[in-house]
Amino acid sequence: MITLTLGDAPAVPLEAEVLSPDTIAPLSLEEIRALPVFLGKRQRRVADFFAVDGESGDVVEVHGDLRRVKWIGRGMSRGVLRVRGDAGMHLGSAMTGGSIEVSGDAGDWLGAEMSGGMIRVRGSAGGQVGAAYRGALSGMKDGTIVIDGSAGLEVGMRMKRGTIVVGGPVRDFAGLQMKGGTIVLRSGAELRAGAWMNRGTIISLAPIPLLPTFSYAATYNPTFLRLYARRLATFGCAIPFDERDGAYRRYTGDAAVPGRGEILVWQPRS
Amino acid sequence: MQPRIADTFAEAFDMSAARVVITAQSPRWARIAAESMTGFATSVIGCKVEAGIEVDLTPNETPDGRPGVSVLLFAFDAGGLGQRLVDRVGQSVLTCPTTACFDGLPEAHERVAVGGLLRHFGDRYQSSKFLDGRRYWRIPVMEGEFLVQESFGVQRAIGGGNLLILARDQAAALSAAEAASDAMRSVGVILPFPGGIVRSGSKVGARHYKKMVASTNDAYCPTLRGRADVTSALPDEVNAVLEIVVDGLDREAIERALRAGIGAASRPGVVEITAGNYGGKLGKHHFHLKDLTS
Amino acid sequence: MLRIAGGTVYDPANGVDGIVTDLFVDDGRIVQPAATVAVDRTIDATGMIVMPGGVDVHTHVAGGALNFARGLVPENQRAARKFLHAGDRRAGLGGMTPTTFATGYLYAGMGWTTVNEAAVPILSARHTHEELHDIPLVDKTSLVLMANNEFVLDLLEAGEAERARDVVAWLVWAAKAYGIKAVNPGGVEAWKWGKNANTLHAPIEGYGKVTPAQIIESLAEIADALQLPHPVHLHCNNLGVPGNFETTIETMKVLQGHRAHLAHLQFHAYGGSDWGSMRSESARVAEALITNRNLTADAGAVLFGDAVTITADGPWQHLLYQLTGRKWGNLDVENETGCGIVPYVYKDRNLVNAVQWAVGLELLLLIDDPWRIFLTTDHPNGGCFWRYPEIIQMLMNREFRREEIRKLPEMARQRILLADLDREYTLSEIAIITSAGPARSLGLSRKGHLGAGADADVTIYPAKPDHGFLFSYPRYVLKGGTIVVEEGEVRDVATGREFIVRPACDDAIEDYIRPLFERFYTMSFANYPVEIERLRHPEVVNLPRHP
């Protein structure tokens with residue numbers, strides 16, 4: 001395992017996409033220390049900011065207040081990346097495999113346009129989780145993102161496949177222009193969830209305000225949710241599905257598109 | 001007195017097999033769907049597929065955590081098997097209340113479309129979810145949604161393993177065959193015939209009707225013993241013969257089943273236990289009975 | 001003094017066709033060697049090919065429309081080539097709509113040293129000049145849009161030809177432009193009513209008499225009368241439409257007796273009657289161009305791959321948007337013109353695109369006088385300018401061209417004649433279509449050649465058999481005598497100048513324009529003309545009074 005410990009937090013954002021198992025695994029400690037990072041517009045070295053220790057392998061741990069360190073784990077395809085602290089924007093952007101774990105919070109654009117792998121954030125995340133960058137046709141194409149805390153705007157915007165689970169509440173436009181995949185909102189959302197949704201599933205375990213372009217369909221216990229529940233249980237996330245505990249109200253939309261997406265809102269048995 | 005175990009072998013054939021896991025709200029409804037699905041599936045000759053219930057599954061053993069039943073189907077080729085799956089899941093599982101239907105051979109490389117074709121029943125109102133590299137179709141139905149996996153695995157398997165129970169009378173034959181049938185049902189095999197037992201074991205072709213594919217196995221018919229134009233294989237004391245046919249996913253599963261069957265059928269009234277073969281010329285899987293009694 | 005020693009020089013404007021000779025550079029110009037002046041640097045160009053720097057006669061690289069396009073396709077920017085800030089190089093992005101500094105590095109890196117921004121609305125000319133200034137390493141000219149300007153159209157409607165001429169003169173100087181651009185005459189005006197101008201001799205929407213033909217002829221007369229160094233630069237009506245070759249040939253008839261330059265001729269040489277029957281009519285158009293000796297044209301060739309279409313031709317862009325169903329930007333420029341932007345992908349499996357690809361090459365091969373047809377892709381409409389070397393390779397190598405043709409769908413091959421064309425361009429002809437010809441057409445007498453007195457814009461290529469590669473990576477590029485590319489490294493050490501014209505103009509015309517302007521425009525008249533101080537390196541060509 002290689003450990004990198006941030007000294008002083010940088011005054012301006014530090015772009016550090018080299019901090020990923022793919023880049024680090026084949027290198028010696030000296031080579032890792034010499035890797036380029038960008039402080040604002042200036043190119044510097046990893047060693048200018050991080051103490052580097054440990055033995056080569058594909059487990060990388062990064063310690064410190066990394067709120068201004070961006071692009072950690074960008075495009076990674078294997079290995080384990082652990083952030084002990086808060087992480088900056090674009091964590092795990094475009095990753096295709098491996099896993100990332102954050103003990104603190106993550107910034108905006110967590111797992112943007114990822115297509116595989118697993119991200120777990122114990123704290124909260126910002127906006128645009130698993131989203132498309134501006135102009136791109138799709139957001140995340142597969143993979144799993146689990147956030148224990150809350151998240152910001154446009155969670156899962158234009159996502160095509162994969163699963164996002166958020167423990168705390170999310171802000172506006174969750175699932176904006178969604179094309180597929182599943183978003184689980186354990187504590188509900190603010191406004192306009194599912195706006196312009198084309199396909200996909202938003203599951204809310206708390207009541208949420210719905211757009212007028214979503215229509216109520218039925219109250220039932222869909223079987224497929226049991227598959228999800230079992231899978232999410234392996235990450236320690238429980239979602240209800242049993243008819244003895246309650247049922248889901250299904251809303252279809254967004255009729256403005258017209259979309260064939262669904263929002264399932266849990267209704268506990270009183 | 002223990003029956004004689006004939007020094008012969010059962011001759012079995014290459015087949016393709018699929019496993020279907022049916023779940024439902026209760027074991028009862030899973031069974032109903034399974035029994036409907038595996039009806040009229042005794043022999044590929046007349047039914048195009050051989051199918052049967054393999055085992056019951058507890059909620060822990062099924063993908064969706066509900067009670068279930070696993071079913072095995074056997075046919076001569078993957079394409080034919082795929083079509084049979086679509087027909088039978090479509091007519092017997094889709095139609096049955098509370099069921100869902102999953103692939104039981106996830107490791108198999110060869111795949112056939114099942115949900116991928118049944119989805120059209122949804123008339124474009126269906127949707128799918130992709131989870132862990134597999135696609136599941138959700139077909140809207142009057143009762144709610146029918147969940148069926150898109151593709152099912154097909155693997156090479158073996159069909160036609162058999163035992164012939166030669167008994168003193170019909171009652172003894174049936175009693176032994178029932179006991180064997182109960183003992184043989186296990187993971188990896190099915191007994192496609194009614195109750196697992198064939199009362200009308202056949203031979204390939206016919207002596208007197210040119211176009212018949214199969215006809216009564218006159219060498220083992222007790223009422224034909226003594227005729228000049230029949231060479232009977234039956235010892236004098238035998239007055240009834242019953243056959244058990246077993247299809248299995250692999251050799252080990254069939255061997256286990258045959259061994260259990262021989263043991264259970266070895267009871268008073270049974271004179272000899274033997275097996276059917278074609279001189280080793282048609283099927284490449286041979287199960288020597290002597291190897292199964294040691 | 002700098003000496004370029006022992007290179008194989010191609011200077012077709014001065015009759016030099018592959019002669020091994022030295023060139024001398026002093027004070028930014030090509031000079032005859034003088035015994036009194038010492039040579040302080042020699043570039044050993046032995047075995048290398050020396051040509052005048054490339055001149056792009058039609059491209060879209062700066063201004064409001066370009067910037068709008070940059071904003072419309074952020075996903076392209078993310079995928080674009082990145083120019084990192086370093087030492088003497090500014091940061092930038094390449095791709096289909098390069099940012100300003102990157103535009104200069106990409107052009108110079110390819111050996112091009114002069115660039116003509118082909119479409120500038122007067123209202124946003126200030127923005128264009130700001131961006132042009134930020135394009136390093138190349139000299140620039142720009143053309144101001146005039147064929148849908150309501151002041152001009154109103155005067156043409158009223159039959160006031162002289163006053164129209166004076167207004168045009170005033171507007172050209174207000175925009176600080178080098179020449180006149182006409183795009184879909186009458187059509188962009190009609191687009192303000194959601195319509196187009198498809199018929200050359202029918203009055204345009206909102207007018208009783210003025211026809212596209214009349215606009216074309218009037219602007220050509222005006223350009224001649226004002227003695228603009230470059231003739232009216234015309235994007236014909238019915239761009240992109242199957243069967244439009246007839247409009248093009250009719251337009252050439254309207255232009256008889258006047259100079260004119262036809263832009264991106266490829267987009268105007270289609271036969272057939274709809275997308276399903278579209279075919280090449282390059283032979284008819286080529287023949288008509290050859291016959292009308294007063295005309296030049298640029299190819300506007302298409303390359304397979306991504307592009308971004310940016311033109312003032314609002315109605316055409318709306319049609320393209322409806323065909324693609326994806327993004328579309330539309331800008332209206334009050335009283336003057338319009339703009340449409342649609343990202344597009346040319347695919348070799350698409351029948352229409354395959355025909356388009358062939359037509360550009362056919363025109364270049366069929367028009368046998370390289371002084372009349374110039375190499376462009378109407379960047380970024382047909383393809384990116386930094387892919388010009390791919391076209392050069394196809395012009396020079398018949399076998400490579402034929403291999404590319406084999407990739408097209410069978411049905412496409414029946415709609416084109418490219419497979420039957422054997423011609424292979426010589427290096428001298430390439431020097432003409434990429435440099436000498438456009439320079440002559442633009443009236444830039446110190447560009448496009450290597451005679452004494454010429455600006456020392458010189459490109460030195462390694463000699464390699466694969467001509468596409470050769471033209472992609474010049475070994476050296478000189479801009480005004482300064483080495484700006486050496487061993488493939490681009491150095492931002494030279495600013496380009498902007499050539500602008502000052503037409504002779506009766507100052508009283510301002511008294512005519514001002515009240516109209518104040519009545520119909522949303523900005524104040526004092527802010528309208530671009531102040532000369534806004535251009536930091538202008539070179540003004542004062543034009544004489546018309547006879």
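As the structure is a computational prediction, the values presented were derived from the model and not from experiment. In what follows, chains carry the letters A, B, and so on, assigned in the order in which the sequence lines appear, proteins first and then strands, with residues in each chain numbered from 1.
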When every non-hydrogen atom of Thr201(A) is compared with those of Lys129(B), the smallest separation belongs to OG1-NZ, 2.7 Å
Under a 4.5 Å heavy-atom criterion, the part of residues 145-153 of chain B in contact with chain A comprises Glu145(B), Leu147(B)
Asp132(B) and Arg231(A) ion-paired at < 4.0 Å: yes
Query raised in the report: Hey, mind stepping through Arg138(B) and Glu262(A) against side-chain contact (heavy atoms from CB on, under 4.5 Å) and telling me if it holds?
Result: CA-CA 13 Å; Arg138(B) 297 162 56 190; Glu262(A) 65 186 350; 2.6 Å; yes
Original post:
When you look at Leu227(A) and Phe102(B), which way does the side-chain contact (heavy atoms from CB on, under 4.5 Å) test go after all the steps?
Top reply: CA-CA 11 Å; Leu227(A) 302 179; Phe102(B) 303 98; 3.9 Å; yes
Check: Should the heavy atoms of other residues, nucleotides or ligands under 6.0 Å from CD of Gln91(B) be counted, would the total exceed 12?
Finding: no
For this session: Answer yes or no: are there more than 12 heavy-atom neighbours, outside Tyr216(A) itself, under 6.0 Å from its atom OH?
Result: yes
If you count heavy atoms of other groups shown closer than 6.0 angstrom to CD of Gln155(B), is the number above 12? yes
In terms of heavy-atom contacts, Phe130(B) and Tyr228(A) come closest through O-OH, 3.8 Å
Check: Can you tell me if CH2 on Trp266(A) sees more than 12 non-hydrogen neighbours from other groups inside 6.0 Å?
Finding: yes
Kindly list each side-chain donor-acceptor pair under 3.5 angstrom involving residues 126-137 of chain A, sequence neighbours excluded, with atom names and distances?
| unit_1 | atom_1 | unit_2 | atom_2 | d |
| --- | --- | --- | --- | --- |
| Gln128(A) | NE2 | Glu154(A) | OE1 | 3.1 |
| Tyr133(A) | OH | His90(A) | ND1 | 2.8 |
| Tyr133(A) | OH | Ser93(A) | OG | 2.9 |
| Arg134(A) | NH1 | Glu154(A) | OE1 | 3.0 |
| Arg134(A) | NH2 | Glu154(A) | OE1 | 3.3 |

Applying a strict 4.5 Å limit to non-hydrogen atoms, the region of Arg250(A) in contact with chain B is side chain
Counting heavy-atom pairs under 4.5 angstrom with chain B, the leader among Leu225(A), Thr163(A), Thr182(A) is Thr182(A)
Checked Thr62(B), Thr23(B), Thr98(B) vs chain A; the most non-hydrogen pairs under 4.5 Å come from Thr62(B)
- Message: Is it true that, when you exclude Arg135(B) itself, more than 12 heavy atoms of the residues, nucleotides or ligands shown sit nearer than 6.0 Å to its CZ?
- Response: yes
To the nearest 0.5 Å, atom CG of Asp64(B) lies from atom CZ of Phe224(A) at 12.5 Å
Honestly, the part of Tyr220(A) sitting under 4.5 Å from a heavy atom of chain B is side chain
Most heavy-atom pairs under 4.5 Å with chain A, out of Gly65(B), Ala100(B), Ser127(B), Ser128(B), belong to Gly65(B)
Within the side chain of Arg260(A), is there an N or O that forms a donor-acceptor pair under 3.5 Å with the backbone of Arg124(B)?
yes
